[in-house]
S.K.: 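Let me give you the structure first, and then I'll get to my questions.
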Amino acid sequence: MGRGRVQLKRIENKINRQVTFSKRRSGLMKKAHEISVLCEAEVALIVYSTKGKLFDYASDSSMERILERYERYSTSDQQLLSTDLTSNGSWTHQHAKLQNRIEVLQRNQRNLMGEDLDPLSLRELQNLEHQLENALKHIRLKKNQLMNQSIAELHKKDKAMQEQNNLLGKKIKEREKALAEHGQLDHQSQDPSPPPTQTLEPIMRCVDINRDINQGEGSTDQSHPSTALPPWMLGGPTI
């Protein structure tokens, strides 16, 4: 059988009331600690017993800072409330909220820059470190993406330049080959080799010898046989 619902009213028995207070106070402290750990909330708990004894709990032992923050917000709320009651303070209310928001953002910015870290508790410093680590991860990831894109573009440009270089080299070789063939043809047309001619030196020598013999026929003895060359060697008609 389940427990029945407890009726909420003052416990008349003093001893039972003190035991219930002790148990419920411990459970309340436990719940405050759990919500601060699980939800990363700033929790401040103040409990006074019937005898005036103080029991308090603050996440990360920052009770003073939480109370200062509470007083600041409560003061601003009271000021905004009084302003709304006296006049049409909608703009003032918005201004105060924006001003508080600006202060929070400026304080967070200073914390991210490594400034004004003394008021922060251990848990807040851990949260700040976690935020910075996540920001560095995103920055490194974006940087690696940009570097990979730049490298890929450089590879494409290098490949295109190599292809263009190979094409230009091929065109240069074809041009040199064409110029070499054209130059060889021009050389052959300008310096043709002379056609082969017959050597006339032996024939002319025979003609000179025959002339000398004819001139000396008058002084030679007629009884000697003629030593003239045959007519075919002189180029005359054959008898």
Side-chain angles (χ1 to χ4, degrees), residues 6 8 20-157:
V6 178
L8 296 178
T20 302
F21 172 76
S22 179
K23 290 181 179 180
R24 295 298 178 93
R25 175 179 55 80
S26 299
L28 185 60
M29 296 287 185
K30 183 179 179 182
K31 293 295 183 182
H33 176 69
E34 289 177 354
I35 193 174
S36 66
V37 173
L38 296 176
C39 303
E40 295 185 355
E42 295 184 0
V43 180
L45 177 63
I46 300 175
V47 179
Y48 286 98
S49 65
T50 55
K51 295 181 180 181
K53 188 176 180 180
L54 173 63
F55 300 93
D56 62 347
Y57 169 80
S59 58
D60 296 330
S61 301
S62 56
M63 176 65 75
E64 294 180 358
R65 187 175 56 79
I66 295 175
L67 291 177
E68 289 177 359
R69 183 177 178 183
Y70 172 75
E71 290 177 358
R72 184 170 65 252
Y73 279 101
S74 62
T75 303
S76 63
D77 290 340
Q78 290 176 1
Q79 292 176 355
L80 292 175
L81 181 60
S82 62
T83 305
D84 291 338
L85 293 175
T86 56
S87 61
N88 188 9
S90 60
W91 291 107
T92 307
H93 178 71
Q94 293 293 331
H95 178 267
K97 289 177 66 176
L98 293 175
Q99 188 67 29
N100 292 331
R101 182 63 177 171
I102 290 172
E103 292 178 359
V104 172
L105 292 175
Q106 290 177 350
R107 185 172 63 253
N108 292 333
Q109 183 179 4
R110 290 193 299 269
N111 293 334
L112 291 173
M113 295 296 294
E115 301 175 356
D116 297 339
L117 299 178
D118 294 335
L120 299 181
S121 62
L122 178 60
R123 181 175 296 277
E124 290 175 343
L125 290 174
Q126 290 176 351
N127 294 333
L128 181 62
E129 183 181 7
H130 183 67
Q131 292 177 2
L132 291 174
E133 289 177 354
N134 290 333
L136 286 175
K137 288 180 181 179
H138 291 295
I139 292 171
R140 291 192 182 101
L141 180 61
K142 185 63 177 178
K143 182 189 72 174
N144 293 330
Q145 290 178 354
L146 293 176
M147 290 179 64
N148 292 329
Q149 291 178 0
S150 299
I151 291 172
E153 291 178 357
L154 290 175
H155 282 311
K156 290 181 180 179
K157 291 181 179 179

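We number each residue from 1, following the sequence as shown.
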S.K.: Quick one: pull up CG in L38 and NZ in K31 and give me the separation to the nearest 0.5 Å.
M.R.: 9.5 Å
S.K.: Which pair of heavy atoms, one from R25 and one from F55, lies closest together, and at what distance?
M.R.: CD-CG, 3.4 Å
S.K.: Once you round to the nearest 0.5 Å, how far does CD of E124 lie from CZ of R65?
M.R.: 3.5 Å
S.K.: Quick one: pull up CG in L67 and CD1 in I46 and give me the separation to the nearest 0.5 Å.
M.R.: 5.0 Å
S.K.: Is it the case that H138 and N134 place a side-chain donor and acceptor less than 3.5 Å from each other?
M.R.: no
S.K.: For a side chain to side chain contact (heavy atoms under 4.5 Å, CB included) check, start with the C-alpha distance between I139 and K142, then their side-chain angles and the critical distance, and finish with the verdict.
M.R.: CA-CA 5 Å; I139 292 171; K142 185 63 177 178; 5.9 Å; no
S.K.: Say you draw a straight line from CD of Q149 to CD1 of I151; how long is it, rounded to the nearest 0.5 Å?
M.R.: 10.5 Å
S.K.: Begin with the C-alpha distance, continue with both residues' side-chain angles, and end with the deciding distance and a verdict on side chain to side chain contact (heavy atoms under 4.5 Å, CB included) for K30 and E34.
M.R.: CA-CA 6 Å; K30 183 179 179 182; E34 289 177 354; 3.3 Å; yes
S.K.: Can you name the side chain to side chain donor-acceptor pair (under 3.5 Å) partners of R123, sequence neighbours left out?
M.R.: D60
S.K.: Tell me if the CG atom of L117 is crowded by more than 12 foreign heavy atoms within 6.0 Å.
M.R.: yes
S.K.: List the steps, then state whether side chain to side chain contact (heavy atoms under 4.5 Å, CB included) holds for Y57 with L28.
M.R.: CA-CA 10 Å; Y57 169 80; L28 185 60; over 6 Å; no
S.K.: Which atoms form the tightest heavy-atom contact between N111 and L128, and what is the distance?
M.R.: O-CD2, 3.4 Å
S.K.: Donor-acceptor pair, distance only, cut-off 3.5 Å: does the side chain of S59 make one with the backbone of V43?
M.R.: yes
S.K.: To the closest 0.5 Å, what do you measure between CD (Q109) and CG (L112)?
M.R.: 8.0 Å
S.K.: Working to the nearest 0.5 angstrom, can you tell me the gap between K137 NZ and E133 CD?
M.R.: 6.5 Å
